[in-house]
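Working notes for the structure below.
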Amino acid sequence: MAVTLPDGAVRRYRAGVTAADIASDISKSLGKAALACTIDDRLSDLSTPIGGDARLAIVTAKDPAALELIRHDCAHIMARAVQELWPDTKVTIGPVIENGWYYDFDRSEPFTPDDLGLIEARMREIIAVRDPVRTEVWDRDRAIRHYEATGENYKVELVEAIPEADPVRMYWHGPWQDLCRGPHLAHTGQVPPDAFKLTSIAGAYWRGDSRRPMLQRIYGVAFRTRADLDAYLHQLEEAAKRDHRKLGREMDLYHFQAEAVGSVFWHPNGYVIWRALEAYIRRQLDADGYVEVKTPQLLDSQLWRLSGHWGKFRENMFVVPDEIPSVEDEDADPILSGEADLMALKPMNCPAHVQIFRQGTKSYRDLPIRMAEFGCCHRNEAHGSLHGLLRVRQMTQDDAHIFCREDQIAAETKRFLDLFGRVYGHMGLTKISYKLATRPDVRAGDDATWDRAEEALADALGAAGIEFDYALGEGAFYGPKLEFHLTDAIGRTWQAGTFQLDYVLPERLDAAYVGEDGAKHRPVMLHRAVFGTFERFIGLLVEHYAGKLPLWLAPRQVVVAPIVSDANAYAAEVVAALKAAGIRAEADLRNEKITYKVREHSLAKVPLILAVGAREVEGRSVSVRRLGETASTSLPLAEAVAAFAAEATPPDLHPPS
RNA sequence: GCCGCUGUAGCUCAGCUGGUAGAGCAACGCAUUCGUAAUGCGUGGGUCGGGGGUUCGAGUCCCUUCAGCGGCACCA
């Protein structure tokens, strides 16, 4: 049979030869360097027999595919190490993930951080003995009997879940056996012993199902070389410095406290950012044909029952009885009858917006109506899900609902994508991932409607030239949605903007317009948000810029710092001039050295520090030091004020250049 | 909500096997007027997350509860 190599060379072997044989045949060094192979572009074990004509490439450490193999073998070696150290541990699954792998174990005793060191040491021993990796395809019943005999009930479940048509493949790393699809390295010694690290222990539900047992997950990272690992660990340290929770404290933006878990206390600095964003997005909405409304915070539970949210999200709503509680004395708890009507803090604005739409009679000529609200919503999120500004219980969305006819969906989608792109461009956010979330299993509406809706969104994205991934089955129960995700400092992605098609709510809440034909029709509702919520968006902006916000968003834009107290009066004059030009400026008149002031305001991420000493007083100038730069430049005062005023102008208000 | 870890001054942290709280920075006071990332000296500040227990004695041990952190689950 003929084996074609990547360089086009054809070699002849008898059938049944393995890639390992061929690698050694090509050269002794290649035989040693070989980690795995691709047979007709499919990544395979070196030990795989080649049955007929094939294209073959040998995978070595230099190959991108090598990294995944290393990580996958790390998972197996770690599981072996754990079972050798604690034989009563049951194994489950251990996939490769970004930068590394994890493996889920069932063990009565919790793993401790110290255990990670023990496991790593044992892993290095396993690597050092260079145990061969081999594989066999087993009969399904044999595999089940084997795992029943060894008490590995999770593996039994996994074998049973393998489709009948697929092989049940077993791997051995030395004496240790695991069910696995493969492929793997040729022996354990091919894992670089100094380029991996176990990073954390966490809980995880078996099969991702919160009704099933909680397992212990150990995470690890692995690279080709020690240098790569070190670089990764360094990057993690750097990322921790831009965490919005740390920067929020350092920049004095906001705080949380136990009396209002998950709700933000915005400090003056943080609220400056909020107000700048709100003013900005309001200008965008005004220019884009939206109307703005304000709706009640508390609404009767009847409305939430009608909308369907009561049934699906009741446990995540803050519900309050509509009654005046009586109180025996000052210290006694209020007495509630338990019979009052229930109200709920709104978890979303849509039903309220439908109520406004329903006032009066709407004509097809009125559509589309784009109804915006900076709506403050409350959701009683599980405590474990809260995360700084990125996941809160009280949030303000830059929400809007577009009521339109079905034939207007395409144009409205395009219009929104334009708005979205413009805003994120202004914000300097370029790393956006787009997802099209499609029909979930449990859903309202017929398939033909879903087909049309999903297609409309995909077409709009295509027309806008936007690349996107499908998130299959992740749409809302009432319609498909586009999700716009941003990445935080350490690579976690968070949904910011959203755009959703909804055919259901107008029906449930009886929204209607009179069509050209004089009959009543249901409008389509488009739910959309650009920022998502102010809370999350500000958190992501802070992380994106590592606190060094563009001037127009910086809470404290300029600090004027006199070098000698003789310059105090001039500093006050400079501040007054800056303020008159609309710049957020303050003087730092404290009796401290200029180096001290520079350090302190730099740490607080103030973009511009203006030092003024005798020379500046004399020349009516300022010495400008920009955050992140060490050099300073001298500018005449009037020139500096004009330049900063221009730079601090929000991006949408810049005169066209 | 689930698993694990953590909770000591405004911040960052120390406090060994239980003997009755400590540092640096910050704050305040005084001195210093010093040209681009920490001037010196001095002073004040803590119910050791809350509650309960064991003990002659608890920041240290146990129980419980709350919050934060890392995951998982959830996310209209």
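Both backbone and side-chain heavy atoms feed into the values below; hydrogens, waters and symmetry mates do not. Throughout, a chain's letter reflects where its sequence line sits, starting with A, and its residues are numbered from 1. Small disclaimer: the values here were computed from a predicted structure and weren't measured.
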Handout entry: base_contact_polar (U33(B) base, Ser565(A) side chain, donor-acceptor, <3.5 Å)
Key = yes
Exercise for the section: For the side chain of Lys593(A), starting at C-beta, report the closest nucleotide among U39(B), A73(B), G70(B). Expected result: U39(B)
Completion exercise
Among G70(B), C66(B), U12(B), the one nearest any side-chain atom of Arg249(A) is U12(B)
Problem - A76(B) phosphate, OP1 or OP2, under 4.0 Å from His309(A) side-chain N/O - result: no
Practice task
Under 4.0 Å between any heavy atoms, over every strand shown, what does Glu592(A) touch: base, sugar-phosphate, or nothing? Just pick one.
Solution key: base
Exercise for the section: Check every strand shown and say whether Glu616(A) touches a base, only sugar-phosphate, or nothing at a heavy-atom separation below 4.0 Å. Expected result: base
Exercise for the section: Could you work out which one of A37(B), U33(B), G70(B) sits closest to the side chain of Ala202(A)? Expected result: G70(B)
Practice task
Please work out if Gly308(A) contacts a base, only the sugar-phosphate, or nothing of the nucleic acid, heavy-atom cut-off 4.0 Å.
Solution key: nothing
Practice task
Check if the side chain of Arg391(A) and the base of C74(B) share a donor-acceptor pair of N or O atoms closer than 3.5 Å.
Solution key: yes
Completion exercise
Assign each of Ile201(A) and Ala611(A) the nucleotide of RNA chain B bearing its closest heavy atom; nearer the 5' end lies the nucleotide of Ala611(A)
Fill in the blank from the handout: C11(B) -> Watson-Crick or G-U wobble partner, both distances under 3.5 Å, gives G24(B)
Practice task
Return yes if a side-chain donor-acceptor contact under 3.5 Å exists between Thr498(A) and Gln500(A), otherwise no.
Solution key: yes
Problem - Rounded distance in Å between the C1' positions of G18(B) and C74(B) - result: 43 Å
Practice task
May I ask you to check whether Gln355(A) and His353(A) show a side-chain donor-acceptor distance below 3.5 Å?
Solution key: no
Exercise for the section: Tell whether Glu109(A) reaches the base of G4(B) with its side chain through a donor-acceptor pair below 3.5 angstrom. Expected result: no
Practice task
Report yes if the ring of Phe313(A) lies under 5.5 Å from the six-membered base ring of A76(B) with planes under 30°, and no otherwise.
Solution key: yes
Handout entry: Between Phe313(A) and Trp304(A), ring centroids under 6.0 Å
Key = no
Exercise for the section: For the side chain of Arg245(A), starting at C-beta, report the closest nucleotide among A37(B), A73(B), C69(B). Expected result: C69(B)
Handout entry: Arg625(A) (side chain) and A37(B) (base): donor-acceptor pair under 3.5 Å
Key = yes
Exercise for the section: Looking at every strand, decide which applies to Thr595(A) at a 4.0 Å heavy-atom threshold: base, sugar-phosphate, or nothing. Expected result: sugar-phosphate
Exercise for the section: Let me know, please, whether Tyr205(A) or Gln495(A) comes out on the 5' side of the other along RNA chain B by nearest nucleotide. Expected result: Tyr205(A)
Handout entry: From A67(B), A73(B), A38(B), nucleotide with atom closest to Val261(A) side chain
Key = A67(B)
Problem - Pairing partner of U47(B) (Watson-Crick or G-U wobble, both distances under 3.5 Å) - result: none
Practice task
From the options G35(B), U39(B), A76(B), select the nucleotide whose nearest atom is closest to the side chain of Met317(A).
Solution key: A76(B)
Handout entry: Rounded distance in Å between the P positions of G57(B) and G19(B)
Key = 15 Å
Practice task
For His601(A), report the nucleic acid contact type (base, sugar-phosphate, nothing); a contact means any heavy atom under 4.0 Å.
Solution key: nothing
Handout entry: Closest nucleotide among G71(B), A27(B), G70(B) to the His387(A) side chain
Key = G70(B)
